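What you see is a predicted model; the values in this text were computed from it and never measured.
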Amino acid sequence: MRIPFVMLAATAITLGALAPASAETPTIEEAQRLFYNGRYQAAADATADGCVTETVDLVGCELRTSALLFQIKRAFGEPADKDKAWPLCAVCQELMPVFLSDIAKGQVAARAKLMAAPSDTDALFMLGKLDLHYVWLQ
């Protein structure tokens with residue numbers, strides 16, 4: 001009796017693998033779910049448009065920079081000699097310029113919102129979170 005179940009499960013897995021990927025952009029909630037499940041690369045990919053200069057989505061940009069930060073920290077680990085280990089971390093070398101660029105874009109957008117509306121507490125909160133990502137990297 002187990003053979004039909006195994007065959008059914010294998011068929012379902014195969015069909016799932018062959019199904020076309022969703023053409024829709026993941027929602028911020030889906031990206032957050034990926035992030036909180038430790039799927040930092042997928043979360044960063046899902047929020048790639050968050051830090052686009054012309055239309056920065058502060059929530060998406062903050063989530064993306066957080067995901068990039070966690071990828072760097074995961075790849076770097078806790079080496080005994082951080083100065084020697086940093087140049088040897090290929091993932092870190094690849095992600096650092098992206099992280100710094102996205103942080104800067106988010107900060108510029110948040111500051112612009114604050115210049116237009118100094119009492120915008122959401123923009124102030126996001127600016128603080130973006131600033132903290134940079135500090136946490138140090």
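Of the possible polar contacts, one joining the Thr65 side chain to the Cys61 backbone as a donor-acceptor pair under 3.5 Å is found.
Side-chain contact between Ile28 and Leu63 is present, with at least one heavy-atom pair separated by less than 4.5 Å. Contact check for His133 versus Glu62: side-chain heavy atoms found under the 4.5 Å cut-off.
Interatomic distance, CG of Leu58 versus CG of Asp120, reported as 8.5 Å (0.5 Å rounding).
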Give every donor-acceptor pair under 3.5 Å between a side-chain atom in residues 85-109 and any protein atom, sequence neighbours left out.
| from | atom 1 | to | atom 2 | distance (Å) |
| --- | --- | --- | --- | --- |
| Gln93 | NE2 | Trp86 | O | 2.7 |
| Asp102 | OD2 | Arg64 | NE | 2.5 |
| Gln107 | NE2 | Asp131 | OD1 | 2.6 |

Return a table of donor-acceptor pairs under 3.5 angstrom between the side chains of residues 35-48 and protein atoms on other chains or two or more places apart.
| from | atom 1 | to | atom 2 | distance (Å) |
| --- | --- | --- | --- | --- |
| Asn37 | ND2 | Arg33 | O | 2.8 |
| Gln41 | OE1 | Gln71 | NE2 | 2.6 |
| Gln41 | NE2 | Asp45 | OD1 | 2.7 |
| Gln41 | NE2 | Asp45 | OD2 | 3.2 |
| Thr47 | OG1 | Ala43 | O | 2.8 |
| Thr47 | OG1 | Ala44 | O | 3.3 |

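Listed by first and then second residue, the disulfide bond (SG atoms under 2.5 Å apart) pairs that reach into residues 96-138 come to none, sequence neighbours excluded. For residues 109-138, no pair satisfies disulfide bond (SG atoms under 2.5 Å apart), with sequence neighbours left out.
Contact detail for Val52 and Asp49: the closest heavy-atom pair is CG2-O, 3.1 Å.
Partners of Lys82 by side-chain contact (heavy atoms from CB on, under 4.5 Å), not counting sequence neighbours, listed by chain and number: Phe76, Glu78, Pro79.
Here Leu124 is tied into one hydrophobic group with Leu114, Leu127, each link being a pair of ILVMFWY side chains closer than 4.5 Å.
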